[in-house]
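The figures that follow rest on heavy atoms only: side chains count, while hydrogens, waters and symmetry mates do not.
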Amino acid sequence: MEIENNLPKTFDPEGAQDKWYDVWMKNQSFKPRPGKQGKTFTVLMPPPNVTGKLHMGHALDATTQDTLIRYKRMKGFETLWIPGTDHAGISTQAVVEKLIWKQEKKNRHDLGREEFLKRVWEWKEQYGNEIVNQQKKMGVSCDWDYSTFTLDEIPNMAVKKFFVMLFNEGLIYQSDYIVNWDPVLQSAISDAEVEHKDVKGFFYSVKYKVKEDPNVELIIATTRPETMFADTAVAVNPNDERFKDLIGKTAIIPICNREVPIIGDEHVDIEKGTGCLKVTPGHDFNDFEIGKRNNLPIINILNKDGTFNKNAPEIEGMNPKDARAEVERIMTELDILVEKKEHVHPVGHGQRSDEIIEPMVSKQWFLNTTQMAADAVKAVESGEMTFFPKGWENTYFAWLKNPKDWCISRQLWWGHQIPVYYCKHCEAKWAAETDPTECIECKGKDFFQDPDVLDTWFSSGLWPLSTLGWPDEKAMKEKGFDKFYPNETLITGFDIIFFWVARMMMMGMKVTGKVPFYHTYIHAIVRDKQGRKMSKSLGNGIDPLDMVKQYGADAMRFTLAAGSGYNRDLNLDPERIEGYRNFVNKLWNAFRFVYPFLDKAQDELPVKSEWHLHDKWILAELNDVAKVMNEAMDVYRFDEASSAIYAFVYDKYCSWYIELSKNILYGTDEREKVIRATMLKFCFKKIVTLLHPITPFLTEEIWSYLSKDLLITQEYVEYDKSLENPEVLELMNKFIELTTGIRNIRSQVNMKPKDEIDVRIFSDDKKFAKFTYDSRRFLKALANVKSGTIRDKNQERPKKSASLATGFAEIFVPLEGIIDISEQVNRINKDIERTKADYAKVEGKLNNQNFMANAPEAVRAEVLEKAKLAQDKLASLNLILASFQ
RNA sequence: GGGCGUUUAGCUCAGCUGGGAGAGCGCUACCCUUACAAGGUAGAUGUCGGGGGUUCGAUCCCCUCAACGCCCACCA
């Protein structure tokens with residue numbers, strides 16, 4: 001039979017993507033709209049860097065958030081998903097600096113601050129929105145009108161307001177302190193931006209002389225002999241018997257022959273090294289603390305670029321590597337180098353620059369986070385904010401329970417300039433939200449603003465507030481601050497729990513007293529097939545846009561959703577995307593099948609009495625899927641939701657319901673046709689509704705043939721208890737097992753699909769027998785059964801047939817003379833052994849007094865049922881065996 | 001050094017308060033059957049990392065060992 005079908009044979013993702021995104025935009029589908037829940041649901045997109053190009057991490061971010069927001073939208077929440085981009089101080093400045101250098105051979109100092117910033121803004125306007133277009137390709141349904149850039153006016157106001165507030169409380173202070181100095185960026189960075197990596201170096205043992213005791217030689221172990229020039233003491237542990245007497249005496253630093261005191265300090269580990277420690281307060285974190293305890297002077301021997309300054313004359317101008325070699329040479333010459341052995345130790349590297357960080361003392365701005373961190377901890381402990389999966393709260397606590405003051409100033413230009421002003425006439429130093437016109441003390445006009453900018457995360461931490469207009473009252477009203485703050489869910493990767501989640505919690509609570517969001521769902525990190533991090537140097541990156549082009553956005557989204565649950569890693573194999581592309585196409589083709597019958601379908605389902613058993617069955621199965629998906633989505637188990645609908649579409653709807661429907665649709669009973677067409681359409685509407693949050697384009701496309709309105713704003717499918725039907729499920733499962741059994745026999749004896757067969761079924765299961773009899777016409781279609789009988793088990797079995805037994809039925813296909821008897825006998829014997837083994841297991845339990853006494857009723861009943869099934873099957877198999885005698 | 005996590009079919013992973021192990025991909029055989037070869041039908045595969053314990057019963061809980069991964073930690 002030829003049925004006219006003008007739908008393309010494969011789904012065209014690109015066409016659907018462009019078409020529907022436009023429609024949704026025009027229809028304002030992404031805007032918050034009050035729904036039946038009477039509640040809002042807000043999600044804040046982690047703002048990607050303006051320099052960014054969409055990578056797989058973003059794709060996963062986008063997929064999980066969009067899936068969630070579409071789901072909640074359909075559930076009837078007033079959903080708002082807020083997009084934005086981050087100025088990303090360091091990386092953006094670096095990108096533009098590099099560009100200018102390439103084109104004009106000028107650095108930022110050549111241009112001057114004002115001109116340089118102008119160039120960065122120009123760059124941002126031109127290239128900064130690339131990532132937004134890429135996100136759109138993935139179907140993100142955020143409200144673009146809320147889009148915010150971290151350097152926009154409102155975020156800038158937020159930063160100033162917050163800064164001034166905490167400055168006036170004394171929580172933000174300026175201090176000469178030892179900081180992580182990145183010599184490439186020539187800026188301080190925060191502790192969180194330092195990554196420790198193991199580096200191969202050497203352990204040098206160096207002879208020091210003691211002034212009072214020329215015969216005594218102290219051996220000091222160090223990995224950084226070049227910092228000797230900045231030493232201001234030698235320390236030993238006061239409890240160390242070996243050196244106790246030296247405390248109070250004077251050591252002479254070799255090479256520069258400077259005299260420094262020998263002090264006692266508990267920090268010195270008696271076991272470690274030689275037990276004598278050179279103290280370098282200017283360039284070592286611990287030594288800085290020792291220095292403070294002992295009132296030691298600080299000597300700085302480094303320039304901002306990491307080279308040595310005039311305080312280390314022998315190595316002045318050298319970089320650390322050359323300096324170390326030079327010092328080593330001098331030490332050898334002076335014969336004070338006792339030993340040099342290889343040593344692997346962790347060394348801090350800049351997260352952005354990947355250069356070795358030099359601890360250096362400088363004047364920086366700090367934020368005292370003690371109280372804020374404690375509050376942020378409490379909020380999670382009390383359950384006000386919950387992590388999914390819960391385990392991630394440990395990472396959060398690890399950081400916040402040991403809070404260190406946050407170094408918030410950066411010696412960069414691109415960013416929020418610190419709103420602190422200094423008067424040139426008097427000593428006044430003050431913070432202000434708006435540009436001042438005069439000194440607050442002397443009213444003089446000659447003042448200047450602190451040249452440093454704030455750490456990028458300082459503005460990111462205020463993101464939940466500033467994207468909703470805070471602190472500008474008019475903007476807050478327009479954007480619905482009171483309605484949408486706190487957000488509902490934050491979705492992000494675990495790598496920024498410290499950087500971002502913790503900071504937003506601290507800052508959001510500080511300002512509003514409320515957590516900025518109630519849930520934090522931490523998704524996996526996307527890795528390559530072998531579990532390696534995707535990186536440029538390995539060349540193992542997968543470009544999401546390539547994948548979208550090759551397989552379609554829906555296929556990629558489904559892959560990411562299916563792969564993301566509560567796991568930490570998502571090892572992405574492009575073959576999986578291909579697999580799910582096939583799923584997308586499968587559903588499309590299922591729709592192609594249904595399509596020509598749509599005009600027969602009615603709008604309303606027929607009365608229940610007219611439902612075929614198939615209908616009851618598929619609706620019950622579909623209802624199960626709705627239940628699973630709703631529950632899974634609510635706890636961010638996108639993997640479970642995906643696999644539930646996947647399995648349903650393939651294994652229930654396509655393999656059985658559509659196949660069973662063919663007989664009806666191609667038949668002659670018109671009423672039956674109408675009902676079936678109605679059911680097929682009804683199911684399809686439910687399927688695409690359930691699937692829409694994950695694969696929006698495909699489903700909206702299909703929906704457009706099913707309904708005049710848009711799917712994106714339809715109500716999600718809810719679980720409906722009245723559709724449950726365990727009896728029908730059991731019957732259908734038996735029918736499926738029977739059909740599969742017959743096909744199995746066909747396959748065993750190498751039958752061609754065209755070969756028709758005669759089947760004899762024996763069963764004492766009355767319901768099954770009746771249903772099978774009623775379904776005889778379907779067996780013809782599904783297993784090419786030409787004729788057959790179904791009888792009680794007390795009837796005689798045919799001889800020498802290809803046969804098979806389930807617990808509830810025996811299937812005989814009489815093929816005497818065609819089949820290989822011994823092969824059949826072997827097969828039956830194997831099955832007998834397997835079934836005996838199965839039975840032995842359950843029998844053991846039934847004979848176990850303790851099991852019978854302790855196991856719950858339901859478990860016992862189940863075991864009993866299994867035992868009966870195995871026994872019946874065994875009896876059947878023995879009968880079959882006998883038929884070959 | 002501290003913490004977290006992982007170890008289940010060839011590969012990537014599920015397995016939800018303990019009742020006898022699943023999916024996708026891959027693989028094998030047969031099929032271009034009138035929605036779909038980006039497909040169909042049938043099929044094979046696991047000492048659930050090792051050892052011990054609790055329990056009537058352990059992939060699941062406890063102890064221990066091993067391997068791997070990640071995060072944090074003051075560069076003697």
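Side-chain N/O atoms of A/Thr740 include one lying less than 4.0 angstrom from OP1 or OP2 on B/A42. Between A/Asn744 and B/U41, a side-chain N or O to OP1/OP2 separation shorter than 4.0 Å is absent. At the phosphate of B/C25, neither OP1 nor OP2 sits under 4.0 Å from any side-chain N or O atom of A/Arg576. Side-chain N/O atoms of A/Lys401 include none lying less than 4.0 angstrom from OP1 or OP2 on B/G3. Between A/Lys533 and the phosphate of B/C70, there is no side-chain N or O to OP1/OP2 separation shorter than 4.0 Å. Distances shorter than 4.0 Å separate some side-chain N or O of A/Asn582 from OP1 or OP2 on B/G39. In this structure, A/Ser655 reaches the B/U41 phosphate: one of its side-chain N or O atoms is under 4.0 Å from OP1 or OP2. Between A/Lys197 and B/C75, a side-chain N or O to OP1/OP2 separation shorter than 4.0 Å is absent. Residue A/His196 has a polar side-chain atom (N or O) positioned under 4.0 Å from OP1 or OP2 of B/C75. The side chain of A/Tyr636 places no N or O atom within less than 4.0 Å of a non-bridging phosphate oxygen (OP1 or OP2) of B/C16. At the phosphate of B/G15, OP1 or OP2 sits under 4.0 Å from a side-chain N or O atom of A/Arg637. Taking 4.0 angstrom as the limit, A/Lys662 places none of its side-chain polar atoms (N or O) nearer than this to OP1 or OP2 of B/U34.
Salt bridge status for A/Glu631 with A/Arg637: absent, with no side-chain N to carboxylate O gap under 4.0 Å. A salt bridge links A/Arg224 to A/Glu358: one of the charged nitrogens lies within less than 4.0 Å of a carboxylate oxygen. A salt bridge links A/Lys197 with A/Asp354; the closest basic N to acidic carboxylate O contact falls under 4.0 Å.
The separation between A/Phe593 atom CZ and B/A38 atom P is 21 Å, rounded to whole Å. As a whole-Å value, the separation of A/Glu640 CD from B/G15 P is 7 Å.
Between A/His283 and A/Ile301 the shortest heavy-atom distance is NE2-N, 3.0 Å. Across every non-hydrogen atom of A/Lys200 and A/Val344, the tightest pair is CG-CG2, 3.8 Å.
Within the nucleic acid shown, A/Tyr650 comes within 4.0 Å of sugar-phosphate atoms alone, with no base atom in reach, counting heavy atoms only. If you check every strand for non-hydrogen atoms under 4.0 Å, A/Tyr646 touches sugar and phosphate atoms only. In this structure, A/Phe583 reaches neither bases nor backbone, as no heavy-atom distance under 4.0 Å exists between it and the strands shown. A/Glu358 comes within 4.0 angstrom of a base, heavy atoms only. At a threshold of 4.0 angstrom between heavy atoms, the contacts of A/Ile525 with the nucleic acid are absent. Within the nucleic acid shown, A/Val863 has no heavy atom closer than 4.0 Å to any nucleic acid atom. As judged by a 4.0 angstrom heavy-atom cut-off over every strand, A/Glu631 is placed among residues making no nucleic acid contact. Using a 4.0 Å heavy-atom criterion, one finds that A/Asn585 contacts the bases of the nucleic acid, with or without backbone contacts as well.
Evaluation of atom-type donor-acceptor distances gives a pair under 3.5 Å for the side chain of A/Lys845 against the base of B/G20. In this model, a side-chain donor or acceptor of A/Arg581 finds a partner on the base of B/A38 within 3.5 Å. Checked by distance alone, A/Glu659 brings a side-chain donor or acceptor within 3.5 Å of a matching partner on the base of B/A35. At a cut-off of 3.5 angstrom, the base of B/C36 holds no donor-acceptor pair with the side chain of A/Lys9.
Distance from the side chain of A/Thr223 is smallest to B/C75 among B/G26, B/C75, B/A35. In the set B/G19, B/C72, B/A35, B/A35 carries the atom at the smallest distance from any side-chain atom of A/Ile658. Listed nucleotides B/U41, B/C36, B/C75 differ in distance to A/His345; the shortest reach to its side chain belongs to B/C75. Side-chain atoms of A/Pro346 lie closest to B/A73 of the nucleotides B/G24, B/G40, B/A73. Listed candidates were B/G20, B/C75, B/C56. Nearest to the side chain of A/Asn854 is B/C56. Set against B/G19, B/C70, B/U33, the side chain of A/Pro753 has B/U33 as its closest nucleotide. Closest to the A/Phe285 side chain, of the nucleotides B/C74, B/A73, B/C70, is B/C74.
With a 3.5 Å limit on both pairing distances and Watson-Crick or G-U wobble geometry required, the stems of 3 or more pairs in RNA chain B span B:1-7 with B:66-72, B:10-13 with B:22-25, B:27-31 with B:39-43, B:49-53 with B:61-65.
You'll find the ring centres of A/Tyr653 and A/Phe684 inside the 6.0 Å limit. With ring centers used as reference points, A/Phe11 lies under 6.0 Å from A/Trp588. For A/Tyr580 and A/Tyr646, the ring centers sit closer than 6.0 Å to each other.
If A/Asn848 and A/Asn571 are placed on RNA chain B by their nearest nucleotide, the residue sitting closer to the 5' end is A/Asn571. For the pair A/Ala221 and A/Phe11, nearest-nucleotide mapping onto RNA chain B gives the more 5' position to A/Phe11.
Here the side chain of A/Asn585 pairs no donor or acceptor atom with the backbone of A/Thr10 at under 3.5 angstrom.
Put simply, the side chain of A/Pro254 reaches to within 4.5 Å of the side chain of A/Met228, judged on heavy atoms.
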